[in-house]
Engineer: 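One structure coming up, written as C-alpha cells, with questions to follow.
Only this structure's heavy atoms are used, side chains among them; waters, hydrogens and symmetry mates stay out. Not measured: the values here are computed from a predicted model.
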Amino acid sequence: MKRHTFLIFKLFNFYIAAMLMAACSDFFDPSTDDEFNGEDGFTSNTEMYTGFLGIMTKLQAVGDKEILLTEPRGELIEPSDESTSELIALYNYDQNLQNNSYANPAGYYEVIIACNDYLKNMEAYKNKPNVDNDAWKALVASTVRTKVWAYKTLAEIYGQAVWFDDAITEVTEIKQGDKFQLLGLSELVDKCLQLMDSGYDGVNTDQEINWYEWLDPTHTVALSSSEYRKWNYIVPPYAGLYAELCLWKGAVLNGAGSDATTYYKKAADVLLKSLGTQINVTGDPGSNVYWLPSAATPGHYAPIWNYAQPYPYESVSAIIYDYTKNQTNTLLKHFSNEYPNQYLLRPSEVGIARFLDTSFNPGGSTGDTRYKACFGTSGGQPYLAKFRRVGSSVRANAYQDDCHIYIYRATQYHMLLAEALNHLKRFQAMNGVFNSGVKSGETEGCFVAGSAEWEGFESTIDPTKSDWTGDANWGTRKYPSMGIRGCFGLTARDVKDNIHDLGETATLKFNDMALLDEAMLEFAGEGKVYPMMNRMAVRYGDPKIVADRVCPKYTNEGLAASVRSIILEGGYWVPFDLKMN
C-alpha cells in the first residue's frame, strides 16, 4: 500500500474535525446524511477514506439494534418493572409491530444505502490518476462485506429483506419495482453468497485494510498500545461472514431435504484457515491474539467487555464507540440500574438459573467465570453485567455509554466451526473444538496429521503437528486448545460420535442442540443466540427448537402459551410489513 505522510496527516485532521463537529450535533442519528456528498465524487485518496468513515457512522447507529430487538424475544431477557410498551410488545411476541421503533429495520437499510452510494463513488474514482489502488480495492471489499452483513442480519431476524444495488438517498425511496426485490430467506442467502463469491468491480471480497499500518506507517507506537489498533476491528470480517452464510445456506438446503455438504465444507475451510493464521501468530502481544479457548481464557474472559477497546484475545470484529466524541449506544441505558440509566431490561430468573443447573450446564456453579461475567445484582435487582459491571471503574462511568459491540468473537468462530464439523460428520474434531480441546497423543479422538477428520488443523510450520495442540513451534505461545467448555473446567456436554445409534438426522440434531444450548451460555445477552435458534428451526423444520428455549422464562402461563402458539406457527421471525406498495 502506498503511504504518504501528508495524506495521513490530512486524513487525521479531517477525522478529528469531524469528531469535533459531532460533539455539537446528533452525529449518529440514522436519518442524517453522513455519506460523502461531493457533486464531483471523490477527488483524493483522503476523501476515499473519509467517505468510508461515513458508512461506519451508519454501522454505529445500528450496533445495539440486534441485541435490543432479539433479546426480549429470546431465551434470557425480560422487561423490567420500568420497561416500555415497545419492549413489552417484543417480549409478548405481538404480531403488529409497525409503530415499534425497535422492530423498524430502517437503520439496516441506511447502512445499505450508504454502501451503495459509496460504491458508486468508488467506481467513478477508480480511474483517477492519483488513486491508491491497493487502498481502493481494500475499501471496496470492506464496503461489500458491510453491505452483506446488513443483509445477513436482516435475513436472520426478519426472514426477508428488500435487495437493491442502485444508489438512493432515503429509505422512503424503497418502493415496489424492478430495482427493489423483496426476497425471502433462501434468496437473500443466495444473493449474499453470490456477492461474496463474485466480488465487486473485479475486487475480491476477502481483502482487508490495515488501518494501523496506514495511519502510523512508521510504527511510532507499537500495535499493542496504539490507539489505531481498534480501527482494524471495525469492518465485518470475511471468514466469519462467509462461514455464517454457508451455515445458513446449509440450513435452508437441509430444511428442503437437500444435501448441503459443499457449504459446510466451505464454512469449515474458511474458519480453519482464519483460526490457523491467528493461532500461529508469535511475537508482539498486541498482534498475538490467542483466538483459542485455552488455560488462559478464564483470566481473560471478563475483560472481553470491561475493557476500553475490543479485547485482542477474543475480538475478531467489533463496532466501536467513543463517548468523548459523542459516539454512543444505548446498552447501558437499557441494562444498567445505575443513574442515569433506565434499567429497561433484565435477565430472567429462569435464564440465570440455567447457568447453575448442572443438568443443563454440567459442572456449572456460581464460581463459573462466565456466570460471574454475565450477571450482577445491585439494590436487589439482577442485571446483565456484560456491558458494564455496576460500580466498576474498569472501563467507564455509568453515563459513558460507549461499550463496544462485537460483530464476531473468536469463540463464535469456534462455535460456527463446531456446527460445520458436525454436519461434515467429523465428530471427533467437533468434540475437540467444542468440549475437551484438540489434543495430541495416540488415543482415539486425538489429532492425527494427514487424516480427513483433522483436515485444516495442521500447523503452518510443521504439517505433521498442530498449532492447536501446542506441539508445533509456537515461539512465545504456551497454551494449547482446551475446547469451548473445557477451558472453563466444565464437564463435557454429551454429543454423539457416530450416526449408528440414532440415525443420521437425529444424531446431527442431537449435536446441534448441544451447540445451541452452549450458545445460550456463551453468548447470553449478545444478540447472537436468537439468530442461531432461527437457523436450527429452519434446518430441522422444527419451531419447537425456539419455543422450548424461549417459553420457560414466561412466568404467566397464559402468556407462555400464547408465545408458544405464535412460535409454533412460524412466528419466530420478527413481523414487520415493509409496505413497499
Engineer: I'd like to know if the side chain of Tyr109 and the backbone of Val162 have a donor-acceptor N/O pair within less than 3.5 Å.
Structural biologist: yes
Engineer: At their closest point, which heavy atom of Lys58 faces which heavy atom of Ala114, and how far apart are they?
Structural biologist: CG-CB, 3.9 Å
Engineer: Checking Ser274 against Gln278 for the side-chain hydrogen bond (donor to acceptor under 3.5 Å, both in side chains) test, could you report, in this order, the C-alpha distance in whole Å, the side-chain angles of both residues, the deciding distance, and whether it holds?
Structural biologist: CA-CA 7 Å; Ser274 180; Gln278 293 296 331; 5.9 Å; no
Engineer: Do the two ring centres, one from Tyr408 and one from Trp149, sit under 6.0 Å apart?
Structural biologist: no
Engineer: More than 12 heavy atoms of other residues, nucleotides or ligands under 6.0 Å from CG of Asn99: is that the case?
Structural biologist: no
Engineer: Should Glu156 and Lys152 be marked as a salt bridge (Lys or Arg N to Asp or Glu O under 4.0 Å) after you check the CA-CA gap, both sets of side-chain angles, and the distance that decides it?
Structural biologist: CA-CA 6 Å; Glu156 66 191 12; Lys152 188 271 300 183; 3.3 Å; yes
Engineer: Check the pair Ile168 / Asn116 against side chain to side chain contact (heavy atoms under 4.5 Å, CB included), numbers first and verdict last.
Structural biologist: CA-CA 8 Å; Ile168 62 174; Asn116 286 347; over 6 Å; no
Engineer: Looking at side-chain heavy atoms only, is the closest gap between Arg409 and Phe523 below 4.5 Å?
Structural biologist: yes
Engineer: Are any non-hydrogen side-chain atoms of Glu123 and Tyr200 less than 4.5 angstrom apart?
Structural biologist: yes
Engineer: Inspect the surroundings of NZ in Lys230 and state if more than 12 heavy atoms from other residues, nucleotides or ligands are less than 6.0 Å away.
Structural biologist: yes
Engineer: Start with the C-alpha gap between Glu47 and Thr43, add the side-chain angles, then the distance that decides, and say whether side-chain hydrogen bond (donor to acceptor under 3.5 Å, both in side chains) holds.
Structural biologist: CA-CA 7 Å; Glu47 290 180 352; Thr43 60; 2.9 Å; yes
Engineer: So Trp248 and Arg535, do their side chains get closer than 4.5 Å, heavy atoms only?
Structural biologist: yes
Engineer: How would you list, by chain and number, every residue that makes a salt bridge (charged side-chain N to carboxylate O under 4.0 Å, His left out) with Asp165, sequence neighbours excluded?
Structural biologist: Lys147
Engineer: Centroid-to-centroid, Tyr49 to Trp214, below 6.0 Å?
Structural biologist: yes
Engineer: State the OH-CG distance between Tyr125 and Asp132, to the nearest 0.5 angstrom.
Structural biologist: 8.0 Å
Engineer: Is the Tyr151-Trp163 ring centre distance short of 6.0 angstrom?
Structural biologist: yes
Engineer: Are side-chain heavy atoms of Glu110 and Val171 found at a separation under 4.5 Å?
Structural biologist: yes
Engineer: Does the side chain to side chain contact (heavy atoms under 4.5 Å, CB included) test come out yes or no for Leu139 and Met122, once each step is laid out?
Structural biologist: CA-CA 9 Å; Leu139 288 168; Met122 290 292 271; 4.0 Å; yes
Engineer: Only one of Tyr93, Trp573, Tyr91 clears side chain to side chain contact (heavy atoms under 4.5 Å, CB included) with Arg73; which?
Structural biologist: Tyr93
Engineer: Could you please spell out the steps behind the side-chain hydrogen bond (donor to acceptor under 3.5 Å, both in side chains) verdict for Thr328 and Asp402?
Structural biologist: CA-CA 5 Å; Thr328 62; Asp402 59 356; over 6 Å; no
Engineer: Which value, rounded to the nearest 0.5 Å, describes the distance between Thr70 atom OG1 and Met532 atom CE?
Structural biologist: 14.0 Å
Engineer: Who are the ring pair (Phe, Tyr, Trp, His ring centres under 6.0 Å) partners of Tyr238, not counting sequence neighbours?
Structural biologist: Tyr242
Engineer: Are any non-hydrogen side-chain atoms of Glu419 and Glu244 less than 4.5 angstrom apart?
Structural biologist: no
Engineer: Could you check whether Phe42 and Tyr118 have their ring centres less than 6.0 Å apart?
Structural biologist: yes
Engineer: Just verifying a value: how many Å separate Gln60 CD and Met56 CE, rounded to the nearest 0.5 Å?
Structural biologist: 8.5 Å
Engineer: What do you reckon, are the aromatic ring centroids of Trp291 and Tyr413 less than 6.0 Å apart?
Structural biologist: yes
Engineer: With rounding to the nearest 0.5 angstrom, report the CG to SG distance, Asn329 to Cys403.
Structural biologist: 4.5 Å
Engineer: Compare all side-chain heavy atoms of Tyr158 with those of Leu185 and state whether any distance is below 4.5 angstrom.
Structural biologist: no
Engineer: For salt bridge (Lys or Arg N to Asp or Glu O under 4.0 Å), just list the numbers for Lys273 and Asp269, CA-CA rounded to whole Å, side-chain angles, deciding distance to a tenth of an Å, and then say yes or no.
Structural biologist: CA-CA 6 Å; Lys273 180 179 179 181; Asp269 287 348; over 6 Å; no
Engineer: Is there a salt bridge (Lys or Arg N to Asp or Glu O under 4.0 Å) between Lys528 and Glu66 once you walk through the steps?
Structural biologist: CA-CA 8 Å; Lys528 300 182 186 302; Glu66 187 166 20; over 6 Å; no
Engineer: Kindly determine whether Asp401 and Tyr321 satisfy side-chain hydrogen bond (donor to acceptor under 3.5 Å, both in side chains), including the steps that lead there.
Structural biologist: CA-CA 9 Å; Asp401 44 0; Tyr321 301 83; over 6 Å; no
Engineer: Angle class for the His334/Tyr102 ring planes (parallel below 30°, perpendicular above 60°, tilted otherwise)?
Structural biologist: perpendicular
Engineer: What residues, two or more places apart in sequence or in another chain, satisfy salt bridge (charged side-chain N to carboxylate O under 4.0 Å, His left out) together with Glu71?
Structural biologist: none
Engineer: So how far is it from Ile209 CD1 to Lys137 NZ, rounded to the nearest 0.5 Å?
Structural biologist: 13.5 Å
Engineer: Do His414 and Leu275 make a side-chain contact, defined as non-hydrogen atoms from C-beta onward lying under 4.5 Å apart?
Structural biologist: yes
Engineer: How long is the gap from CG on Asn100 to CG on Leu69, to the nearest 0.5 Å?
Structural biologist: 8.0 Å
Engineer: May I ask you to test the Leu384-Leu345 pair for a side-chain heavy-atom distance under 4.5 Å?
Structural biologist: no
Engineer: Go through it in stages, so that I can follow the logic: the residues are Ser336 and Phe387, the test is side chain to side chain contact (heavy atoms under 4.5 Å, CB included), and I'd like the CA-CA distance, side-chain angles, deciding distance and then a yes or no.
Structural biologist: CA-CA 9 Å; Ser336 173; Phe387 305 117; over 6 Å; no
